[in-house]
Amino acid sequence: MTTLAIIGIGPRGLHALENLLINLSRANKHIQILAFEPCHEPGAGQVWYTNQSDANWTNISERALKNLEGRQEIHYRDRLIEGFPSYHEWINFAQSDKAPDTFPPRKQLGRYLHERYESLTKSLEHDSFQLINSKVERIEFKQQQLQVLTKDNSYICDDALITIGHQPTELSKQIKEWKAHAKAHQNINTFEDCYPLSQFESIKNQKHLNIGIRGFGLAMIDVMRDLVTNSFGTFRVVDPSTFKTQYISNAAQHLKLIPFSLDGLPMAPKPLNKHIDDWFKPTDEELNYFKTELEAVSRTQIKVSSLDFLTIPISKIAARVFVELKSEAMNHDLNQKQIETLILEWLDDSETKHHLFQDNSSTYNTIKSYIQMALGLESISLDYCIGQVWRHCQPTLYKSFSHAQLDEAIIEKGIALDEESKRFSYGPPVESMQQILALVDANILSLDYVNDPDIELNDKGWQLENAQQQTIQIDIMINSVLDAPKLLEVTAPIITNLIHNDLIEPIHSKLGIDTKPNAYVITEENNEDIPIAVLGRLSKGSVIGVDAILECFGPRIKDWAEAYVNQLGS
């Protein structure tokens, strides 16, 4: 019997298994499936596991999870695999357009994912499905078969699907220096990764600590929230309509958190509710236009030297949205064409100056203004508008720009521009940004060093110095900057061995694995068809938008399952 290995059973691996069984059932074909997952909650995986801190919030609203659809009944090998409800059905979701969006802890979504996995596999026979709670360390391709090796065993398979998520990469020079510095001195410490948050239990209740946090994004917020929700205090929302928050101390702690990044720019929160979010929503006609313009270039081998095919259509959409905001937008006397030109300038250079763009001279005031915009209580700046429009356009962008037939450098530039947009398009909930302000007001979190401070190592730890020549001493450093999926920097044995054996290669030196639209790998070094498919974060470059939870349940998984089953013999 044909054997398939699915390596990684997080959300993406779960949905791949679902679609595989659906397509096998339709084709009346049977195979043996070996599922490799080292985490003890398949379906949830390491990101969504249910025994994690409440400080880890989802960054997608429950309203937006309407597209996390349920699973149909499957009849496979004379067995009935019951269906499973959509996320909205599972939580009995109901919300008015003006009610604030909710962002639950990640472990809640993890419970949904793990239950969905359990309901899928409980009816499968052992001879057709086996879960192996081990990490795959190596895959070898010999005599048209794959040998999948874990620490203790090896398994022979005909095909493999790799759906693993975030993998460790080579530490940066800076982090290596910090780790060596901490090792050489007592009473200081460096955390090279901010997850899991449980590793901070030993420090969160200490009385006198200055903690530096490298990074000023979503992971920093998780770390911040976990460290201050402790024996000495907690957050309290004092105005539910705006999520205005205070930090309530019940004992003196003398804790100071000092985040910093290369540009010091804060994230902008998502709109409070559907009513405000709809201000920024493109029409169906605009999204079709955007799709057509993208695919006219990305689906051909037209030589292009710029991202005009992407930035021009999105600037037209964002300009129309901004003009139609009318009194809700910052006051101006520009026409739509002039706004469009200004947007193009900003997309080319985010430091473009104009009174319609948010003034970032004060980080605290910038956060406060973005919160007010998200609440619909302050005139919308053009940069905030562009970011929210971009978010609505992202599903179309991700579908139409994946597997683009373009020069690798252009693909890399397009991905870099989408990454830059995430300060707005992947923005946190309003409540998270209100928590940052509450901690600044409580003199616990400092924004004084947020913009690329000078860092000097000394016997007491680290000294940060800002542009105003103010200094602060740091006891502990936490790295909250998540590694980019640069294939050539990944240190996980499964990946390094695949590269060494010429079974995978990157689409670009800064990106991930080169794959076909059906997810199977492309290699120039090996002329044979390699029976390895890759879905997810490590294929970034071939596909984009790989990090979003909804992408784990998107069309690329269906495309792989159909392609795999179609090539099976009768």
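Note that the numbering runs from 1 along the sequence shown for the chain.
Counting only N and O atoms by type, the side chains of N19 and E562 include no donor and acceptor under 3.5 Å apart. Side-chain contact annotation: E125 with Y76, donor-acceptor N/O pair under 3.5 Å absent. Of the N and O atoms on the side chains of Y117 and E41, not one donor lies less than 3.5 Å from an acceptor on the other residue. Side-chain polar atoms of E62 and T102 form a donor-acceptor pair below 3.5 angstrom.
The distance from the NZ atom of K399 to the CZ atom of R556 is 10.0 Å, given to the nearest 0.5 Å. Separation of atoms NZ (K29) and OG1 (T2) is listed at 9.5 Å; rounding is to 0.5 Å. To the nearest 0.5 angstrom, M267 atom CE is 7.5 Å from K270 atom NZ.
With sequence neighbours excluded, no residue satisfies salt bridge (charged side-chain N to carboxylate O under 4.0 Å, His left out) with E73. In this view, Y112 and R116 satisfy the side chain to side chain donor-acceptor pair (under 3.5 Å) rule, not counting sequence neighbours. Residues forming a salt bridge (charged side-chain N to carboxylate O under 4.0 Å, His left out) with D559 (at least two apart in sequence, or on another chain): none.
Around atom CD of E69, no more than 12 heavy atoms belonging to other residues, nucleotides or ligands sit under 6.0 Å away.
Residues K107 and D54 are in side-chain contact: their nearest non-hydrogen atoms beyond the backbone lie under 4.5 Å apart. With a 4.5 Å cut-off on side-chain heavy atoms, L294 and P313 do not count as touching.
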